[in-house]
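Here's the structure, in structure tokens; my notes come after.
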Amino acid sequence: MRYDLLIRNALIIDGSNSPAYAADVAIHEGRILRIGDLNGVSANEEIDAKGRVLAPGFIDVHTHDDTVVIRKPEMLPKISQGVTTVIVGNCGISASPVSLHAEPPDPMNLLGDAAAFVYPRFSDYREAVDAAHPAVNVAALIGHTALRSNHLDDLYRTAKSAEIAAMRTQLRDSLEAGALGLSTGLAYASAFSADTDEVLQLAEELTAFGAVYTTHLRSEFEPVLEAMDEAFLIGRHAKAPVVISHLKCAGAGNWGRSPQLLAALENAAQSHPVGCDCYPYAASSSTLDLKQVTDAFRITITWSTPHPDQGGRDLIDIAAEWGLSLLDAARNLQPAGAVYYGMDESDVQRILAHPLSMIGSDGLPEDPFPHPRLWGAFPRVLGHFSRDLGLFPLHTAVHKMTGLSAARFGLLERGEIREGYWADLVLFDPALIRDVADFNNPQRAAEGIEGVWVNGHLSYANGQSQGTRQGRFLPRSGSLSAGFDREF
Ligand code: ZN
Ligand code: CU
């Protein structure tokens, strides 16, 4: 037969954490049909990939791309990194199911203003994604804070039993319509007042679906171990796999504790499927949180509704100019976004290198001056951390952004280069790949990405989007227990 596409002589890193091998790959009608020595086989199009790595398209397991996949479906910040699938709805905030009567509460405003929240049911969101034809595949979590905003008149208290029942119904409907699971953002004031029991009861809906529980922990500062225990308790209670979002040791008083956190993760993993995601930077970013304002490390303002001209400036300089304390300056800037240089590099590297960690960008696409992780997270792991620092082999770096991620989130027939799997692929130069975006110039495409295919279609090459956008909505494809059995 004649295939659609043959990629010849590639160094295949298949996503399973095995070392690279040379082979040809034949693609037809969106899928990988053959891998091996394909001499004498013909195709409508052939590419010589000698010296290049062919890997599964990267899966960004931690995004806030909920509304941008619809509003800016080219998804250039992601496809230019080799990302072919994004998981939206992290940190308790999702675009659906949401019915707002006012502006969205913090941090739902990371996804846009009230006009962006037009999906009262998850099925509405799913239809909107399909209609937008984004360049990347989209799978979605349901945010706890989003559910709270639908049913609580006051987010600064625990939900009452009737409110919990209403949230459960919405969560169940969403899981039936293909959502991957539940996410929480318990550190944020809009969810912090939810007690463990509120989340436990909601999470019970996950059991029947074998769906996942992901969490931005109640604290990433000194009480982080207690917060991890809470997450494991909820996961075990609901028989739901747990993914700790952007695991870190936040705050100067907390630096150097990553061995304790990872030991706790390993310990929990012995009896229950747990893991984490992380982004490869020692600075975090979110809305400007007064509780995190400190002079112990640098804080940069990324946006401010009352003072848009202050985006990109250091809080300390703004405060000095205004003759105010850091805290008062921060109050004047709100609502606002910030980058916090609040981690220690050795903690970041230890968590990145751990076998239970996956890569997620946590990029903020609405931000006018975004943290560089939005454009650089994946090439930074491959170039800076794997090749330049030797933190782990290249095939392990790829595994953390492909095969491991697909198994954790139950994305069937994706995340590995295997015969029969979907042809989500990235071709890159292992000597050249690098992140170019930095904190001064955060919106720059990575170098070294030569081709990105989504569902078998070339979607990015030569620094530009190609052809039509071929991403799809990916519904939850079944219970996660199988994927976890394989990993543990
Ligand atoms: Zn978060
Ligand atoms: Cu997040």
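None of the values given here were measured: they were computed from a predicted structure.
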Hey, what do you get for [atom1] ([X]) to [atom2] ([Y]), rounding to the nearest 0.5 Å?
X	Y	atom1	atom2	value
His62	Asp362	NE2	CG	3.5 Å
Leu182	Leu175	CG	CG	8.0 Å
Arg218	Leu186	CZ	CG	4.5 Å
Glu419	Ile32	CD	CD1	9.0 Å
Leu382	Ser386	CG	OG	7.0 Å
Thr184	Leu202	OG1	CG	10.0 Å

Practice task
Please report the C-alpha distance between Glu74 and Ser465 in whole Å, then the side-chain angles of each, then the deciding distance to 0.1 Å, and finally whether the side-chain hydrogen bond (donor to acceptor under 3.5 Å, both in side chains) criterion is met.
Solution key: CA-CA 7 Å; Glu74 305 76 25; Ser465 295; over 6 Å; no
Is [X] salt-bridged to [Y], cutoff N-O under 4.0 Å?
X	Y	answer
Lys248	Asp347	no
Arg418	Asp14	no
Glu366	Arg71	yes

For [Y], is there any backbone N or O sitting under 3.5 Å from a side-chain donor or acceptor partner on [X]?
X	Y	value
Ser357	Cys276	no
Ser304	Leu333	yes
Gln334	Leu288	yes
Ser190	Asp106	yes
Ser285	Ala338	yes
Asp66	Ala95	yes
His371	Ala283	yes
Thr207	Ala238	yes
Ser94	Ser96	yes
Glu205	Gly181	no

Exactly one candidate in Val83, Ile59, Thr84 meets side-chain contact (heavy atoms from CB on, under 4.5 Å) with Asp424; the answer is Thr84
Check: Going through the checks in order, is the side chain to side chain contact (heavy atoms under 4.5 Å, CB included) test met by Val69 and Val86?
Finding: CA-CA 9 Å; Val69 294; Val86 298; 4.1 Å; yes
Checking [X] against [Y]: charged group under 6.0 Å from the ring centre and within 45 degrees of the axis?
X	Y	value
Arg380	Trp375	no
Arg373	Tyr279	yes
Arg476	Phe209	no

If you look at every heavy atom in [X] and [Y], which pair is closest and at what distance?
X	Y	value
Leu233	Leu200	O-CD2, 4.1 Å
Leu404	Pro355	CD2-O, 3.8 Å
Met343	Tyr281	CE-O, 3.7 Å
Ala397	Phe392	CB-CE1, 3.6 Å
Cys91	Ser183	N-OG, 3.6 Å
Ser16	Glu416	CB-OE1, 3.9 Å

Discussion item. Please determine whether side-chain hydrogen bond (donor to acceptor under 3.5 Å, both in side chains) holds for the pair His246 and Asp277, giving the CA-CA distance in whole Å, both sets of side-chain angles, and the decisive distance to 0.1 Å.
Written reply: CA-CA 5 Å; His246 40 61; Asp277 63 62; 5.6 Å; no
- prompt: Can you list the steps and then say if Lys400 with Ile359 is a side chain to side chain contact (heavy atoms under 4.5 Å, CB included)?
  reply: CA-CA 6 Å; Lys400 285 173 169 293; Ile359 310 304; 4.0 Å; yes
Measuring only between side-chain heavy atoms, which start at C-beta, is [X] closer than 4.5 Å to [Y]?
X	Y	result
Val426	Phe378	no
Leu261	Met228	yes
Lys78	Asp65	yes
Ile234	Phe232	no
Ile87	Thr63	no
Leu225	Arg257	yes
Leu315	Thr300	no

**Report entry** Residues in ring pair (Phe, Tyr, Trp, His ring centres under 6.0 Å) contact with His144, at least two apart in sequence or another chain
**Finding:**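 Here no residue qualifies.
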Sorted by chain and residue number, the ring pair (Phe, Tyr, Trp, His ring centres under 6.0 Å) partners of Phe428 (sequence neighbours excluded) come out as none
Taking [atom1] in [X] as the centre, count heavy atoms belonging to other residues, nucleotides or ligands within less than 6.0 Å. Is the count above 12?
X	atom1	answer
Asn441	CG	yes
Leu290	CG	yes
Lys50	NZ	no

Donor on one side chain, acceptor on other, [X] and [Y], under 3.5 Å:
X	Y	answer
Tyr188	Ser286	yes
Asn137	Asn455	yes
Glu345	Gln349	yes
Ser193	Thr158	no
Asp435	His384	no

Residues forming a side chain to side chain contact (heavy atoms under 4.5 Å, CB included) with Pro223, sequence neighbours excluded: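 Listed in chain order: Ser219, Phe221, Glu226.
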- Step by step, work out the side chain to side chain contact (heavy atoms under 4.5 Å, CB included) result for Leu206 and Val212. CA-CA 7 Å; Leu206 301 172; Val212 68; over 6 Å; no
Pair Tyr341-Phe439, ring-ring contact (aromatic ring centres under 6.0 Å, His included): steps then yes or no: CA-CA 11 Å; Tyr341 294 80; Phe439 288 95; 5.1 Å; yes
> Should Val138 and Val88 be marked as a side chain to side chain contact (heavy atoms under 4.5 Å, CB included) after you check the CA-CA gap, both sets of side-chain angles, and the distance that decides it?
Replying inline: CA-CA 7 Å; Val138 179; Val88 306; 4.2 Å; yes
